[in-house]
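Structure record follows, encoded as structure tokens.
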Amino acid sequence: MLESKYNSKDVEAKISEFWDNRKDFKAEDLSTKPPFSVILPPPNVTGFLHIGHALDHTVQDVLIRWHRMRGFNTLWLPGTDHAGIATQSVVEKKLKKDGKSRHDLGREKFLEEVWSWKEEYGNRIVSQMKSLGDSCDWDRLTFTLDDNVSNAVRKVFVSLYKKGLIYKGKRLVNWSSKLQTAISDIEVEYKDVKGSLWHLKYEVVGEDGKFLIAATTRPETFLGDTAICVHPEDERYKNLIGKKVKLPLTGREINIIADEYVDKDFGTGVVKITPAHDFNDYEMGLRHNLEQINLLNTDGSLNENAGEYKGLHVQEARKKIVSDLEEGGFIDKIEPHKQSVGHCERSGVVIEPYLSEQWFMKMESLAEPAKRAVESGTTDFIPEKWTKTYLHWMNNIQDWCISRQLWWGHRIPVFTCQDCGEHIVEMDDPADCIKCGSKNLKQDEDVLDTWFSSALWPFSTMGWPEKTETLKTFYPTSVLVTGPDIIFFWVARMMMQGLEYMKDVPFRKVYLHGLVRDSQGRKMSKSLGNSIDPVELINDYGADALRFTLMAQLASGRDLKFSTQRLEGYRNFINKIWNATRFCLSLTQEYSFKYNENFKTDLKNDLSAFDYWILKKLEITISDVHEKLEQMRFSEAAQSLYSFVWNEFCDWFLEFSKLRVYGESEEDRAAALHVLHFTLDKAVKMLHPFTPFVTEEIYSHLPAKNSESMALSQYPTLGDLEGLNLEETGDYFNDVELIKALLTAVRNIRGENRIKVSQALKVFFVPKDEKSQKAVQRHKALLVKMGLLSEVSFEEPQTFAKSAVAPVKVEGRAVDVIVPLEGLVDLDEEVQRIEKVITKIETDMNILNKKLNNEKYVANAPEDLVEADKVLLTDLSSKLDFMKLHLNRLSMNE
RNA sequence: GGGCCCAUAGCUCAGUUGGUUAGAGCGCUACAUUGACAUUGUAGAGGUCAGCAGUUCGAAUCUGCUUGGGCCCACCA
């Protein structure tokens with residue numbers, strides 16, 4: 001027997017072990033089944049699972065499990081990422097505690113350290129993914145530094161190099177002085193910062209006492225100025241072009257040049273030019289052939305070009321230089337200034353434009369096909385709005401700085417001849433120079449940006465460059481599930497490389513979900529301390545509850561605020577399913593019931609109308625869930641299942657069934673138990689992609705099971721209901737709806753009049769037509785029992801002066817419910833209740849009347865709509881009459 | 001500066017192509033609870049769908065403007 005409370009920990013442990021011992025989730029390279037494939041965005045190998053992963057993975061797992069159960073040959077390919085910067089930083093931090101740096105160890109020793117770190121923590125995230133229930137093909141788990149991936153990386157690098165798409169250049173790049181490496185444009189995060197605008201005075205040579213004033217936000221860079229620039233048409237300065245100015249403090253002379261880049265109307269109309277430390281100035285420097293004076297060391301301190309300021313860090317140097325400038329009278333004024341400053345996404349430090357030799361990838365030609373693929377709909381973005389973001393970036397694409405001054409990653413496979421300077425880029429490490437034959441070769445020290453290997457992920461993980469069966473079967477993948485924050489970093493680059501090397505897009509659809517925020521809508525971050533640990537949540541509430549919560553909250557790609565209250569609610573839902581199962585199983589045991597899977601519903605007994613009813617509801621739910629999942633409307637699919645299980649199956653059907661199961665008729669008991677189990681089985685199967693653990697456990701106890709694992713059983717389809725004779729449900733279905741409405745009406749009267757449930761009532765159900773008559777007669781016993789009534793009568797009462805009433809109408813059936821209240825309650829309550837009902841009816845009728853009196857509405861609206869309104873109006877009006885009559889009687893009686 | 005998104009019950013949100021008499025969960029109130037479940041049951045209260053204007057027979061839904069909030073891109077020293 002099952003425990004009365006669902007114990008998620010025990011069940012999850014048990015199911016995990018069950019899965020571990022089987023190979024249920026293996027994809028088949030050769031199969032006649034239709035393929036469905038997803039690559040898992042590889043998380044940082046030494047990282048923790050965070051709530052964003054939980055969402056991302058649940059979406060994928062729902063899709064994967066759903067397809068697997070529908071007979072697809074599914075591949076969910078898992079992997080982990082070496083995450084160059086992040087991982088290297090962690091290990092360096094650890095070394096620092098022992099007072100060591102990576103340079104103390106040397107490259108080889110250091111890499112050994114990182115590998116052992118990876119060995120120690122690399123499994124952590126994988127087991128966290130498993131505890132979430134990720135049904136990946138774990139045998140295919142790939143790490144970005146695995147040989148086959150590294151091989152693909154080298155192959156692509158060599159190929160792009162030979163095509164001339166990878167080149168080396170001395171350029172201004174974004175430099176993180178903390179990480180001491182170049183980073184790419186998209187790794188720079190711009191933030192608004194309050195700063196100052198210093199107006200510096202440059203003395204014009206030969207014009208006694210005349211100064212040009214140029215403003216700057218970074219005064220320390222004046223040491224690297226190699227020109228002063230004005231607009232060629234600026235009357236104020238036109239005559240000075242070609243002359244020289246003296247740099248403050250140092251007195252070094254630089255030219256006054258003219259360029260249209262300068263905005264005459266901004267500030268003084270004079271700009272200082274520092275080609276080695278500003279991107280615009282760099283361009284200008286190239287145009288005017290200016291000298292580039294680099295002031296910085298790699299750690300962000302000033303170098304020998306800064307003279308006496310050498311060794312100071314930028315921030316300190318700025319203070320000192322400003323005070324020196326002020327002292328020397330070189331500052332005209334200082335204004336407060338708000339500007340946006342680039343920060344290193346990873347380390348948070350201010351990015352310095354820094355002149356250095358780096359490797360770059362030309363992007364324009366690669367971007368072209370990637371752009372077209374999305375424009376033409378070969379790959380679709382969901383939601384569609386991200387298409388714009390993607391295309392905008394593609395249209396303005398810049399060359400990508402792919403080299404990083406790190407050790408952890410794919411080392412750039414370029415060998416340079418130390419004698420003749422030739423670059424050798426081949427698949428195998430060269431022994432000697434192809435040009436001069438020298439053996440004095442040296443491999444580039446840098447590694448590739450982590451995203452370089454990520455860009456190849458969809459095919460490198462499938463065995464490329466070999467023409468593997470995996471690639472044939474599963475490429476392109478069906479859908480990529482990820483967050484919109486990595487459209488540029490990852491999605492766009494996979495599109496480009498996939499098209500370049502596989503000649504096809506890497507995925508047919510890109511589903512972009514929102515961010516998981518805290519309950520106040522703030523981004524989760526370490527510094528705010530508002531991060532939610534999914535592992536903790538799984539421990540406290542169960543993986544199923546967490547998954548269902550995420551799915552129920554995930555709508556139309558917007559961000560979701562995570563609320564523990566909702567999580568609790570869905571934990572309760574899991575428990576509800578558990579207990580419904582417990583109930584069914586206890587009955588099975590009690591009555592030694594044997595499930596026959598070929599059972600048929602049959603109207604041998606009036607009570608089997610309920611079977612028709614729940615099966616019809618099941619049918620509706622099956623097609624609804626299918627439709628919603630097909631459209632990736634996860635919250636709606638979840639909602640549909642939730643209300644079917646709780647509000648239809650548990651609230652009504654189980655209750656109806658009790659009467660039948662505990663009744664005399666063995667035949668009816670068997671019928672009820674069959675439908676109970678049948679419906680439960682289908683419901684639980686439909687839930688399985690969302691809540692794999694509890695459903696798998698339940699399944700193992702069900703008599704109706706037809707495969708060892710629910711994960712491999714068949715997802716419910718409408719076909720499952722064929723042969724159950726559901727065609728005739730119409731009447732029975734609505735009969736049950738009527739019974740439900742009648743019970744609700746009685747409960748309503750009880751509730752509003754505060755009549756205790758222990759107080760049995762006599763009730764008059766007065767049917768208004770033959771169908772209602774039949775339905776009420778048939779289910780009299782049930783109405784008495786479930787309505788907790790003492791007696792039911794179908795005659796109009798002699799006097800219903802002191803009665804509560806409710807007219808009930810359902811799909812062509814109408815019954816007046818009359819409950820005598822004599823001696824039970826204060827009639828005022830009932831008067832109030834009736835008055836409220838009357839007001840509501842009147843408002844509704846007003847709206848309808850207004851509509852129907854509007855000739856244009858009647859003329860323009862679809863006929864059936866108008867017709868429905870007319871019927872509704874008639875109904876309301878008779879209802880109103882009934883209520884008014886009753887109200888009169890109640891009042892007369894006072 | 002350019003672009004995108006959001007605003008619906010006290011809270012968190014659903015609401016597909018305009019046709020509703022605007023929904024759910026939580027919370028709240030009242031009552032109940034010996035045979036699945038207190039992680040429960042039954043019932044109730046609660047909304048001028050941010051504001052204004054427009055299109056339409058009809059607007060939470062479409063358009064424009066306003067207000068408030070969020071995100072992305074660009075980077076004028």
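A, B, ... follow the sequence lines: proteins, then strands. Residue 1 opens every chain.
A:Glu568 comes within contact range of no nucleotide atom at all, as no heavy-atom separation falls under 4.0 Å. Within the 4.0 angstrom heavy-atom criterion, base atoms lie near A:Ala580. Residue-level contact check: A:Leu654 touches the bases, meaning some heavy atom is under 4.0 Å from a base atom. Counting non-hydrogen atoms under 4.0 angstrom, A:Pro862 reaches a base of the nucleic acid. Nucleic acid contact class of A:Val262 (heavy atoms, under 4.0 Å, all strands): base. No engagement by A:Glu855 is indicated, since no non-hydrogen atom pair under 4.0 Å with the nucleic acid exists. Residue-level contact check: A:Arg747 touches the backbone only, with heavy atoms under 4.0 Å from sugar-phosphate atoms and none from bases. Across all strands shown, A:Gln398 has no heavy atoms under 4.0 Å from either base or sugar-phosphate atoms. Within the 4.0 angstrom heavy-atom criterion, no nucleotide atom of any strand lies near A:Val757.
Taking 4.5 Å as the limit, some side-chain heavy atom of A:Asn395 sits within range of a side-chain heavy atom of A:Lys371.
Side chain A:Lys756 to base B:rC31: no donor-acceptor pair is found below 3.5 Å. With hydrogens and angles ignored, no donor-acceptor pair under 3.5 angstrom links the side chain of A:Ser4 to the base of B:rC37. With hydrogens and angles left out, the side chain of A:Gln759 and the base of B:rA32 share no donor-acceptor pair within 3.5 Å.
Pairing for B:rU12 is with B:rA24, a Watson-Crick or G-U wobble pair whose two hydrogen-bonding atom distances lie under 3.5 Å. Nucleotide B:rA32 forms a Watson-Crick or G-U wobble pair with B:rU40, both donor-acceptor distances falling under 3.5 Å. B:rC4: Watson-Crick or G-U partner is B:rG70, with both key distances under 3.5 Å. Within the shown strands, B:rG51 is the pairing partner of B:rC65 under the Watson-Crick or G-U definition, both distances less than 3.5 Å.
Here the C1' atom of nucleotide B:rU39 and the CG atom of A:Asn572 are 4 Å apart, to the nearest Å. In this entry the distance linking CZ of A:Arg571 with P of B:rG25 reads 17 Å, nearest Å. Atom C1' of nucleotide B:rA14 and atom CZ of A:Arg566 are separated by 8 Å, given to the nearest angstrom.
Taking only side-chain atoms of A:Leu872, from C-beta outward, the nucleotide of B:rU21, B:rC6, B:rA36 with the closest atom is B:rU21. Which of B:rC37, B:rC57, B:rA43 sits closest to the side chain of A:Asn748 comes down to B:rA43. The listed nucleotides are B:rC75, B:rA36, B:rU12; the one nearest the side chain of A:Lys561 is B:rU12. Distance from the side chain of A:Asn575 is smallest for B:rU39 among the nucleotides B:rA77, B:rU39, B:rA24. With B:rG19, B:rA43, B:rA36 as the choices, the nucleotide that has an atom nearest any side-chain atom of A:Tyr857 turns out to be B:rG19. With distances taken from any side-chain atom of A:Cys650 to the nucleotides B:rA36, B:rU21, B:rG25, the minimum falls on B:rA36. In this structure, of B:rA36, B:rG44, B:rU42, it is B:rA36 that holds the atom nearest to the side chain of A:Asn579. Out of B:rC75, B:rA36, B:rC57, the shortest distance to the side chain of A:Ser340 is found at B:rC75. Here B:rA77 is the nucleotide among B:rU39, B:rA77, B:rU40 with the atom lying nearest to any side-chain atom of A:Asp263. The nucleotide whose nearest atom lies closest to any side-chain atom of A:Lys5 is, among B:rU39, B:rA24, B:rA43, B:rU39.
Regarding contacts with the backbone of B:rG41, a side-chain N or O of A:Lys576 is found under 4.0 angstrom from either OP1 or OP2. Using a 4.0 Å cut-off, no side-chain N or O of A:Lys658 falls inside it from OP1 or OP2 of B:rG35. The shortest distance between the side-chain N/O atoms of A:Lys388 and the OP1/OP2 oxygens of B:rC5 is not below 4.0 Å. The side chain of A:Arg633 places no N or O atom within less than 4.0 Å of a non-bridging phosphate oxygen (OP1 or OP2) of B:rU16. Phosphate contact (OP1/OP2 of B:rA36, side-chain N/O of A:Tyr662, threshold under 4.0 Å): present. A sub-4.0 Å separation between OP1 or OP2 of B:rA43 and a side-chain N or O of A:Arg833 is absent.
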Checklist entry - After noting the C-alpha distance and the side-chain angles of A:Lys272 and A:Thr221, does the key distance pass the side chain to side chain donor-acceptor pair (under 3.5 Å) rule? => result CA-CA 9 Å; A:Lys272 64 190 266 307; A:Thr221 61; 2.7 Å; yes
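Look at the C1' atom in both B:rG54 and B:rG18: the space between them is 15 Å, to the nearest Å.
Taking the six-membered ring for Trp and the full ring otherwise, A:His677 and A:Phe593 have centroids separated by under 6.0 Å. Residues A:Tyr570 and A:Tyr642 bring their aromatic ring centres within 6.0 Å. A:Tyr511 and A:Phe634 have their aromatic ring centers within a separation under 6.0 angstrom. For an aromatic pair to be called close, the ring centres must be under 6.0 Å apart, and A:Phe381 with A:Trp386 fails this.
Heavy-atom contacts from other residues, nucleotides or ligands closer than 6.0 Å to CZ of A:Arg754 number 12 or fewer. Remark: A:Glu835 CD is packed, more than 12 non-hydrogen atoms of other residues, nucleotides or ligands lying under 6.0 Å away. Around atom NE2 of A:His392, no more than 12 heavy atoms belonging to other residues, nucleotides or ligands sit under 6.0 Å away.
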Using the 3.5 Å cut-off, write out each protein N or O paired with an N or O of nucleotides 69-71 of chain B and the distance between them.
none

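Annotation: of the two residues near RNA chain B, A:Leu865 and A:Lys264, the 5′-most nearest-nucleotide partner is A:Leu865. When each of A:Tyr261 and A:Glu627 is assigned the nucleotide of RNA chain B bearing its nearest heavy atom, the one mapping closer to the 5' terminus is A:Glu627.
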